[in-house]
Amino acid sequence: MDYFEHQPVIPAPSFGREPGPGVDRAAEREAETAVYRWVLEHRRMDAAAAAPELGMAEEDFRAALARLVTARLVEPGPGGTGHAVAPEVAAAQAVAPVRARIRADQEHVARVQEEMRHFAAAYGARTVRSDGLQVISSLPEVRELITRAADGCRREVLSCQPGGNRVPEALEDALARDRALLGRGVGMRTLYHHTARFNGPSQAYVALASALGAEYRTAHELFGRLIVFDRELAFLPTADESWGAVVVREPNTVAYLCEVFEQAWVHAKPFAQPIGQDMADVARELDRTILVLLAGGLKDEAIARRLGLSLRTARRHIADIMDQLGADSRFQAGANAARGGYLAD
């Protein structure tokens with residue numbers, strides 16, 4: 001009589017997969033190994049005979065045997081017979097469907113890439129301007145290009161990230177990419193605004209990446225968003241302040257952007273270095289920086305962009321400063337600030 005005519009086959013989710021909750025995989029594997037050896041020696045699947053010899057309950061023997069059958073390590077025969085299958089043969093049979101799916105997926109990827117090549121020339125003609133700059137308006141495409149640039153980066157990444165208060169999800173994606181870069185010896189330097197020091201996710205991200213070798217500095221005033229790979233490829237924001245990007249490959253322009261970064265880096269402070277006792281100190285210094293920019297004639301939009309603030313927040317700061325100085329105009333605010341010694345240096 002065939003054993004499996006009366007006993008249900010118990011799935012073997014633990015072979016090649018993470019065990020489910022509450023599953024003691026070590027105990028299961030020990031039982032399966034004992035049953036496998038017994039079947040290999042006796043060429044039978046007799047629970048009544050095998051369980052006492054192995055010192056286990058019959059139901060445990062049957063459960064382990066069922067998992068071995070599901071994993072193709074034991075092949076049942078007629079009349080309760082069965083034989084153990086070589087592990088390499090069982091493994092080949094088990095992964096054959098997976099390999100077939102992988103081959104099918106690879107063929108699908110190759111077909112899609114081949115189809116897309118027909119459109120590459122038309123797209124490049126539209127996005128690459130006469131000055132050699134490539135304008136990308138789609139955020140998913142910007143992310144894809146940055147990921148590809150990071151994958152091919154060999155020496156150094158320079159980046160300026162105004163604001164610095166980034167959401168945890170974005171930081172998780174960035175950390176995975178940065179971990180791969182740092183793991184192969186690529187240098188990384190990043191500029192943030194001072195406000196990033198008071199953002200919990202940014203603090204955690206900087207701590208993790210710094211431990212891997214990245215460097216971070218902060219400043220009140222930054223020149224704008226920038227990412228440069230190997231001093232050969234740069235990404236700039238578009239003028240419409242959308243999530244698009246301008247891709248720069250022209251060597252002289254990229255070199256100039258790197259020099260702008262280096263000057264800002266020299267004047268910025270290391271992230272780990274204290275810049276004040278608390279947020280109040282940072283707020284006071286921020287107000288002073290706004291005064292300097294006001295005195296320089298910058299508009300609200302430009303001040304907000306330089307300081308990594310929203311336009312609404314920048315205007316609120318400006319209104320508060322003018323109120324504190326008793327000024328009705330920007331010119332008067334500058335004059336009062338100068339008389340009060342706020343712009344002395």
Subject >> Salt-bridge present (Arg37, Glu41; N to O < 4.0 Å) >> reply: no
Original post:
Which atom names give the shortest non-hydrogen contact between Gln203 and Ala196, and what distance separates them?
Top reply: CG-O, 4.2 Å
Original post:
Just how far is it from atom CD1 of Ile303 to atom OG1 of Thr313, taken to the nearest 0.5 Å?
Top reply: 13.5 Å
Original post:
So with a 6.0 Å cut-off around CD of Glu144, is the heavy-atom count from everything else above 12?
Top reply: yes
Subject >> Short side-chain to backbone donor-acceptor contact, Thr81 and Pro78, under 3.5 Å >> reply: yes
Give the table of side-chain donor-acceptor pairs shorter than 3.5 Å for residues 85-106, with sequence neighbours excluded, one pair per line with atom names and distance.
none

Original post:
Checking salt bridge (Lys or Arg N to Asp or Glu O under 4.0 Å) for the pair Arg111/Glu114: CA distance, chi angles, key distance, verdict?
Top reply: CA-CA 5 Å; Arg111 286 195 299 271; Glu114 180 60 30; over 6 Å; no
Original post:
Is Val247 close to Phe235 at the side-chain level, that is, under 4.5 Å between some pair of heavy atoms?
Top reply: yes
Original post:
Going by heavy atoms in the side chains, are Leu236 and Leu133 under 4.5 Å from each other?
Top reply: no
Original post:
To the nearest 0.5 Å, what is the distance between OH (Tyr205) and OH (Tyr216)?
Top reply: 3.5 Å
Subject >> Spacing of CG belonging to Leu73 relative to CG belonging to Leu40, to within rounding of 0.5 Å >> reply: 11.0 Å
Original post:
Hey, what do you get for NE2 (His317) to CG (Leu294), rounding to the nearest 0.5 Å?
Top reply: 12.0 Å
Subject >> Taking every non-hydrogen atom, the tightest pair across Met56 and Ala34 >> reply: CE-CB, 4.4 Å
**OP:** Report the residues that fulfil side chain to side chain contact (heavy atoms under 4.5 Å, CB included) with Leu182, sequence neighbours left out, ordered by chain and then residue number.
**Re:** Met188, Leu212, Ala214
Original post:
Rounded to the nearest 0.5 Å, how far does SG of Cys160 lie from CH2 of Trp265?
Top reply: 10.5 Å
**OP:** State, to 0.1 Å, how close Cys153 and Leu181 come at their nearest heavy-atom pair, and which atoms those are.
**Re:** CB-CD2, 3.8 Å
Original post:
What's the verdict on side-chain contact (heavy atoms from CB on, under 4.5 Å) for Ile321 and Ile318, showing C-alpha distance, side-chain angles and the deciding distance?
Top reply: CA-CA 5 Å; Ile321 290 170; Ile318 292 169; 5.6 Å; no
**OP:** Would you kindly say whether Glu250 and Thr253 are connected by a side-chain donor-acceptor distance under 3.5 Å?
**Re:** yes
Original post:
Minimum heavy-atom separation for Leu158 to Phe261, with atom names?
Top reply: CD2-CE2, 3.7 Å
Identify each donor-acceptor pair in which a side-chain atom of residues 221-232 lies under 3.5 Å from a protein atom, sequence neighbours left out, and give them as a table.
from	atom 1	to	atom 2	distance (Å)
Glu221	OE2	Arg306	NE	2.6
Glu221	OE2	Arg306	NH2	2.1
Arg225	NH1	Gln161	OE1	2.7
Asp230	OD1	Arg154	N	3.4
Asp230	OD1	Arg155	N	2.7
Asp230	OD1	Glu156	N	3.0
Asp230	OD2	Arg154	N	2.8
Arg231	NE	Glu156	OE1	2.9
Arg231	NH2	Glu262	OE2	2.6
Glu232	OE2	Arg154	NH2	3.4
Glu232	OE2	Arg155	NH2	3.4

Original post:
What's the verdict on side-chain contact (heavy atoms from CB on, under 4.5 Å) for Arg315 and Arg312, showing C-alpha distance, side-chain angles and the deciding distance?
Top reply: CA-CA 5 Å; Arg315 283 175 171 165; Arg312 181 178 179 180; 6.0 Å; no
Original post:
What are the two closest non-hydrogen atoms of Gly152 and Arg184, and how far apart are they?
Top reply: N-NH2, 4.2 Å
Original post:
With a 4.5 Å heavy-atom cut-off, do Ser137 and Thr238 have their side chains touching?
Top reply: no
Original post:
Salt bridge between Arg25 and Glu28, side-chain N to carboxylate O under 4.0 Å?
Top reply: yes
Original post:
Is the shortest heavy-atom distance from the side chain of Phe271 to the side chain of Glu215 under 4.5 Å?
Top reply: no
Original post:
Distance from Leu257 atom CG to Asn252 atom CG, nearest 0.5 Å?
Top reply: 11.0 Å
**OP:** State yes or no: do Leu208 and Tyr192 share one hydrophobic cluster built from I, L, V, M, F, W and Y residues joined by side-chain heavy-atom distances below 4.5 Å, directly or via other members?
**Re:** yes
**OP:** Mind listing the closest non-hydrogen atom pair of Gly82 and Met45 along with its distance?
**Re:** CA-CG, 4.2 Å
Original post:
Does any N or O in the side chain of Arg217 come within less than 3.5 Å of the main-chain N or O of Arg189, such that one atom is a donor and the other an acceptor?
Top reply: no
